[in-house]
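Quick note: residue numbers are just sequence positions, from 1. Values reported hereafter were calculated over all heavy atoms of this structure, with side chains retained and with hydrogens, waters and symmetry mates removed. What you are looking at is a predicted structure, and each value in this text was computed from that prediction instead of being measured.
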Amino acid sequence: MTGIHRTPEKNLMVFTGRAYRELAEEIVDHLGTSLVPTQAYAFANSEIYVRFDESVRGCDAFVIQSHTAPVNEWIMEHLIMVDALKRASAKRITVVLPFYGYARQDKKHRGREPISARLMADLFKTAGADRLMAVDLHTSQIQGFFDGPVDHLMALPILADYVKEKYAGESLAVVSPDAGRIKVAEYWSNRLGGVPLAFIHKTRDITRPNKSTANRVVGDVAGRTCILVDDMIDSGGTICQAADALMADGAGSVVIAATHAIFSDPAVSRLRDSVAREVIVTNTLPLSDEARALDKVTELSIGPLIARAIRQVFEDGSVTSMFDGQA
């Protein structure tokens, strides 16, 4: 037998940009490692420069960046990090997206519109990504936009287990803010022991972003603590209208649970003034000091879940097994 033979040795390395370093640091703490030292800055004309201070040749690279505002800047930095790793001979590059930018633009509502969620996947593939890992995509179809493996992590176990423990003695109902998320509400119902389901029938003006109208509640919510579940809260208008509709239909109280706390202005003031008893979110995106100051906002950590998924991928384990075969 000719050639040079050696025992294969895998090397996990974790990288992050400047968008939300605190979450990346939490993730590496759970992994028992540290972030690779990185130089990142902008030139005078706002072009971004990135360089890693350690050799990455042959490594299994996980590049974490949550696409918080300003979204376009942090997406570009994320792409540049991936390109730098590819050109430095990383063996495998996994892009970790706690929040996937442009996920809401996943289909055409009218002619001459882009499908920007698909463009995002194409950009990461072109930059050199071998795999994507994301938390609670806006729609599951986005997994098919990337030509490679996609690990779709769900925050549901974290959120639902918190709700189950805190509101165990109350009569619960799970409510979807629209008909499109009934499947997710069913998962919630099963996790909470088969509690009743309901949804809000709403209409949306496709010419006006962040604008919708809650028309009526479909399902029996009278006297119940309604767990209103969604993937994200942006300006807060939709979710607050849904909460109002539930209370008007006789609900005992409303608890809002969402994965991504985008909280664009005026979300914080809307949530403060809303009928919601509690607003439960995860830390896929950074919360402002104003949002953290709200007594009704509860932030749960997504870090342990992402760290566990990264370890499963690195060790060639099963990410699906983390979610009872549903991921």
Side-chain angles (χ1 to χ4, degrees), residues 1-43 46-67 73-101 119-135 143 145-153 302-319 322:
M1 186 179 293
T2 59
I4 299 173
H5 302 276
R6 65 178 179 85
T7 303
E9 185 175 298
K10 297 173 72 175
N11 179 27
L12 184 154
M13 300 182 81
V14 183
F15 308 80
T16 193
R18 297 169 293 166
Y20 188 15
R21 188 177 177 89
E22 294 81 5
L23 177 59
E25 288 174 342
E26 182 185 347
I27 291 167
V28 294
D29 283 345
H30 286 285
L31 287 168
T33 183
S34 56
L35 294 167
V36 174
T38 303
Q39 299 177 47
Y41 55 82
F43 290 105
S46 78
E47 291 178 1
I48 296 169
Y49 172 86
V50 171
R51 182 181 184 273
F52 305 115
D53 292 339
E54 295 179 4
S55 172
V56 301
R57 185 178 299 274
C59 78
D60 200 346
F62 292 84
V63 196
I64 304 168
Q65 182 93 304
S66 199
H67 299 161
E73 178 177 351
W74 300 134
I75 288 173
M76 193 66 204
E77 183 177 86
H78 210 176
L79 291 164
I80 290 171
M81 287 192 291
V82 172
D83 184 75
L85 286 165
K86 178 182 69 174
R87 297 179 189 281
S89 301
K91 186 173 184 179
R92 180 173 65 171
I93 302 170
T94 300
V95 170
V96 182
L97 300 145
F99 178 72
Y100 186 114
L119 175 62
M120 283 280 296
D122 289 344
L123 287 170
F124 278 110
K125 187 67 178 179
T126 301
D130 299 297
R131 186 183 197 107
L132 296 187
M133 180 181 293
V135 180
Q143 296 174 79
F145 293 171
F146 183 75
D147 187 14
V150 177
D151 299 301
H152 188 193
L153 311 184
I302 203 74
L305 179 77
I306 296 176
R308 186 179 166 196
I310 288 174
R311 188 170 293 281
Q312 289 288 353
V313 170
F314 175 65
E315 295 177 351
D316 297 323
S318 171
V319 173
M322 296 170 53

Problem set entry | Shortest non-hydrogen separation from R311 to L31 and the atoms involved | NH2-O, 2.7 Å
Exercise. Roughly how far, to the nearest 0.5 Å, is the CD atom of E22 from the CD atom of E26?
Worked result: 10.5 Å
Problem set entry | By side chain to side chain donor-acceptor pair (under 3.5 Å) - contacts of E73 (at least two apart) | none
Seminar exercise, completed: For residues 49-64, the side chain to side chain donor-acceptor pair (under 3.5 Å) pairs (sequence neighbours left out) are Q39-D53, R57-S89, D60-R92
Exercise. Of all heavy-atom pairs between A40 and V50, which one has the smallest distance, and what is that distance?
Worked result: CB-CG2, 4.2 Å
For this session: For T126, check side chain to side chain donor-acceptor pair (under 3.5 Å) against everything at least two apart and list the hits.
Result: none
Exercise. To the nearest 0.5 Å, what is the distance between CZ (R131) and CG (D151)?
Worked result: 4.0 Å
For this session: Classify the angle between the aromatic ring planes of F124 and H78 as parallel (below 30°), tilted (30 to 60°) or perpendicular (above 60°).
Result: perpendicular
For this session: Starting at CZ of F99, measure out to CG of L23 and round the result to the nearest 0.5 Å.
Result: 13.5 Å
Problem set entry | Heavy-atom closest pair, residues A61 and F15 | CB-CE1, 3.5 Å
Problem set entry | Reported CZ-to-CE distance for the pair F52 and M81, which is rounded to 0.5 angstrom | 6.0 Å
Problem set entry | Flag if over 12 foreign heavy atoms under 6.0 Å of NZ, K91 | no
Exercise. Taking all atoms of both residues into account, what is the closest heavy-atom pair of M13 and C59, and its distance?
Worked result: SD-CB, 3.5 Å
Exercise. Is there a donor-acceptor pair under 3.5 Å between the side chain of T38 and the backbone N or O of V36?
Worked result: yes
Exercise. CD1 of I64 to CG of L35: how many Å apart, nearest 0.5 Å?
Worked result: 6.5 Å
Exercise. For L79 and A127, which heavy atoms make the closest approach, and how far apart are they?
Worked result: O-CB, 3.9 Å
Problem set entry | side-chain contact (heavy atoms from CB on, under 4.5 Å) assessment of W74 paired with R18 | CA-CA 8 Å; W74 300 134; R18 297 169 293 166; 3.8 Å; yes
For this session: Verify side-chain contact (heavy atoms from CB on, under 4.5 Å) between F62 and I27, making sure each step is shown before the conclusion.
Result: CA-CA 11 Å; F62 292 84; I27 291 167; over 6 Å; no
Problem set entry | Heavy-atom closest pair, residues D122 and F145 | OD1-O, 4.1 Å
For this session: Show your reasoning for whether side-chain contact (heavy atoms from CB on, under 4.5 Å) applies to K86 and D83.
Result: CA-CA 5 Å; K86 178 182 69 174; D83 184 75; 3.9 Å; yes
Problem set entry | Expected output: side-chain R21 to main-chain T16 donor-acceptor under 3.5 Å | no
Exercise. Distance from M133 atom CE to L153 atom CG, nearest 0.5 Å?
Worked result: 5.5 Å
For this session: For side-chain contact (heavy atoms from CB on, under 4.5 Å), just list the numbers for I306 and H30, CA-CA rounded to whole Å, side-chain angles, deciding distance to a tenth of an Å, and then say yes or no.
Result: CA-CA 9 Å; I306 296 176; H30 286 285; over 6 Å; no
